[in-house]
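So that the names make sense, note that chain A is the first sequence line, chain B the second, and so on, each numbered from 1. Quick caveat: nothing in here was measured; it's all calculated off a predicted structure. Excluded from the calculations below are hydrogen atoms, water molecules and symmetry mates; all remaining heavy atoms, backbone and side chain alike, are included.
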Number of protein chains: 2
Amino acid sequence: MRVPRIADSTVARLCSYHRILEELAQEGRRLVSSRRLAERAGVTSAQVRKDLSYFGTFGRRGLGYHVQRLHEELRAILGLDRRWDCALVGAGHIARALYSYQDFRRRGFHFVAIFDTNEELVGQRWGEVEIQHVRRLVPEVRRLGVRLGVVATPARAAQEAVDLLVAAGVTGVLNFAPRKLNVPPEVHLRNVNMAIEFESLAYSLRAAEARGRRRRAVPVEE
Amino acid sequence: MRVPRIADSTVARLCSYHRILEELAQEGRRLVSSRRLAERAGVTSAQVRKDLSYFGTFGRRGLGYHVQRLHEELRAILGLDRRWDCALVGAGHIARALYSYQDFRRRGFHFVAIFDTNEELVGQRWGEVEIQHVRRLVPEVRRLGVRLGVVATPARAAQEAVDLLVAAGVTGVLNFAPRKLNVPPEVHLRNVNMAIEFESLAYSLRAAEARGRRRRAVPVEE
DNA sequence: TGTTGTGAAGGCGTTCACAGCC
DNA sequence: GGCTGTGAACGCCTTCACAACA
């Protein structure tokens, strides 16, 4: 399979195509055009075709794409045709939300270990998983062969958490703490910062207001 | 104040500069160069200067930026110099995580109303806020003058939730449900999809593995 | 006629590099 | 010497537009 280096934005769109194809299959559709797919994803049809073309040719001219086949192709391209075991560090509200999010499990992401430093949480069970003390992280993550770690600790504990994960051999880390983390270059790090989402929206709203005021104050002719 | 149309990525960086300046102020620093700021943010110094230049000239050649002053400038630019009341639709785990995230409150985001359709949740209190039935959404959001809505419902309920928020007069919506939402053009919509973060990371890990295998199979000379 | 696949063109964000100022 | 502010160059992602095919 082709494994090109592609933009983050492209991967994000592929994920949404993958989800839409799942829905289309449930609706009983056999074929879909790039135009239809684009409409549901909120992008242009040329964008859909270009995105797919990085990985091969999946459509048939004049007809479109076979829903089931394209769904499976994308599943394999995105690496969702297998199980991804994850270790969760921090057992607070964000961790709980991630753990409970059914969508993940359906796509192959399983939280198989949870760690915290709070002695009151250690020993509690979330479903089949018992929360363990962070002391146990390295041996447990090694034993389970987990390669994907999720940091959901307070900011001050995040660097230590990721250091332990790396020491235990994970190769990918998703960071939900609002702090820049240092990892060796071979480890893939992705940051998710929900505060930035709120702040970006605040900027847009404030900017729109300011522009509105300005337009009213100095009306444009025409 | 200048209110240019800038890229999303620029706003995200401004948010991180803002946070870093807060830390620098706490550390007691008076001045900071674009190079230092850039290092802590994980970008280039030219990027920092360019980002700031969209809004004015804040530095002094040969010296750098005044930490406290730049912090306040960014605070105003990002619209964080005031209170943002938010309405939360859906009172599940994601909502609970957002509600509990202290960082938001410190930056002026307050959840002043929470809605759900689950009768068992209605009437419960989170801090000072009582969960109300979604039936009460429009009058309550109107009464409180809330302009920022957060959709944290299951996917199937998300469009209805956002329709109610829009009917009640919100001008900005943050959507945590994995579903494309339709809103009128004057309403600002931002989507946050945590599944995409996991899937993007899975792509990177799988791609790195595939490239690794390939490199070992066909070793490069040198 | 309808639709894909893809080089070429376009647009936009980032980086460069240096004049200008401390 | 140190550092900012910024036009110009660069590179990358998106859009265009059309040949190829059903």
Side-chain angles (χ1 to χ4, degrees), chain A residues 1-2 4-17 20-21 24 29-71 73-74 77 196 200 203-204 207, chain B residues 1-2 4-17 20-21 24 29-71 73-74 77 196 200 203-204 207:
Chain A
M1 188 191 290
R2 265 188 241 176
R5 283 177 207 280
I6 56 177
D8 254 30
S9 50
T10 307
V11 180
R13 284 193 301 273
L14 292 172
C15 293
S16 84
Y17 304 157
I20 290 164
L21 286 161
L24 290 168
R29 288 204 179 280
R30 280 181 57 77
L31 291 170
V32 66
S33 65
S34 58
R35 186 157 61 80
R36 257 186 184 292
L37 197 46
E39 271 166 20
R40 301 225 347 196
V43 300
T44 67
S45 64
Q47 182 78 79
V48 170
R49 297 196 298 276
K50 181 63 97 181
D51 287 342
L52 296 176
S53 75
Y54 294 124
F55 298 91
T57 71
F58 305 110
R60 291 179 60 188
R61 296 170 197 241
L63 291 176
Y65 302 87
H66 189 270
V67 169
Q68 193 63 45
R69 172 160 171 249
L70 187 56
H71 180 250
E73 293 281 4
L74 283 176
I77 287 167
I196 282 180
S200 296
Y203 175 81
S204 302
Chain B
M1 189 191 289
R2 265 188 240 177
R5 281 176 208 283
I6 55 177
D8 255 29
S9 49
T10 307
V11 181
R13 284 193 301 273
L14 292 171
C15 293
S16 83
Y17 304 156
I20 291 163
L21 286 161
L24 290 169
R29 287 203 179 281
R30 280 182 57 79
L31 291 170
V32 66
S33 65
S34 58
R35 187 156 61 78
R36 259 188 182 290
L37 197 47
E39 271 166 20
R40 300 217 2 187
V43 301
T44 67
S45 64
Q47 181 80 79
V48 170
R49 297 197 298 276
K50 181 62 98 179
D51 288 342
L52 296 176
S53 75
Y54 294 126
F55 298 91
T57 72
F58 305 112
R60 291 179 61 187
R61 296 167 198 243
L63 291 176
Y65 302 88
H66 189 269
V67 170
Q68 193 61 46
R69 171 158 171 250
L70 187 56
H71 180 249
E73 293 281 4
L74 283 177
I77 287 167
I196 283 180
S200 296
Y203 175 82
S204 303

Legend entry - For B/Ala207, all residues meeting side-chain contact (heavy atoms from CB on, under 4.5 Å), sequence neighbours excluded: A/Val3, B/Tyr203, B/Arg211
Inset, instruction - Quick one: list whatever passes side-chain contact (heavy atoms from CB on, under 4.5 Å) with A/Ala12, sequence neighbours left out. - result: B/Ile196
Legend entry - Close approaches to DNA chain C from residues 33-47 of chain A, in residue order (heavy atom, under 4.0 Å): A/Ser33, A/Ser34
Inset, instruction - For A/Arg60, report the nucleic acid contact type (base, sugar-phosphate, nothing); a contact means any heavy atom under 4.0 Å. - result: sugar-phosphate
Inset, instruction - Quick one: list whatever passes ring pair (Phe, Tyr, Trp, His ring centres under 6.0 Å) with B/His66, sequence neighbours left out. - result: none
Legend entry - Flag if over 12 foreign heavy atoms under 6.0 Å of CZ, A/Arg40: yes
Legend entry - salt bridge (charged side-chain N to carboxylate O under 4.0 Å, His left out) involving B/Arg69 - partner list, sequence neighbours excluded: B/Glu73
Inset, instruction - Map B/Leu63 and A/Arg61 onto DNA chain C by nearest heavy atom, then report which one ends up closer to the 5' terminus. - result: A/Arg61
Inset, instruction - Tell me, please, the opening and closing nucleotides of DNA chain D, 5' to 3', among those with an atom under 4.0 angstrom from a non-hydrogen atom of chain B. - result: D/dG2 to D/dA8
Inset, instruction - Mind checking salt bridge (charged side-chain N to carboxylate O under 4.0 Å, His left out) for B/Arg35 and listing every partner two or more places apart, or none if nothing turns up? - result: B/Glu39
Inset, instruction - Under the side-chain contact (heavy atoms from CB on, under 4.5 Å) rule, collect the residues that match up with B/Ser53, sequence neighbours excluded. - result: B/Lys50
Legend entry - Start and end of chain A contact along DNA chain C [non-hydrogen atoms, under 4.0 Å]: C/dG2 to C/dA8
Inset, instruction - Mind checking salt bridge (charged side-chain N to carboxylate O under 4.0 Å, His left out) for A/Arg13 and listing every partner two or more places apart, or none if nothing turns up? - result: A/Asp51
Legend entry - Partners passing side chain to side chain donor-acceptor pair (under 3.5 Å) against A/Arg49 (at least two apart in sequence or in another chain): A/Ser34, A/Ser45
Inset, instruction - Apply side-chain contact (heavy atoms from CB on, under 4.5 Å) to B/Thr57 and list each qualifying residue two or more places apart in sequence or on a separate chain. - result: none
Inset, instruction - For A/Arg13 and for B/Gly64, find the nucleotide of DNA chain D with the closest heavy atom, then tell me which residue's nucleotide is more 5'. - result: B/Gly64
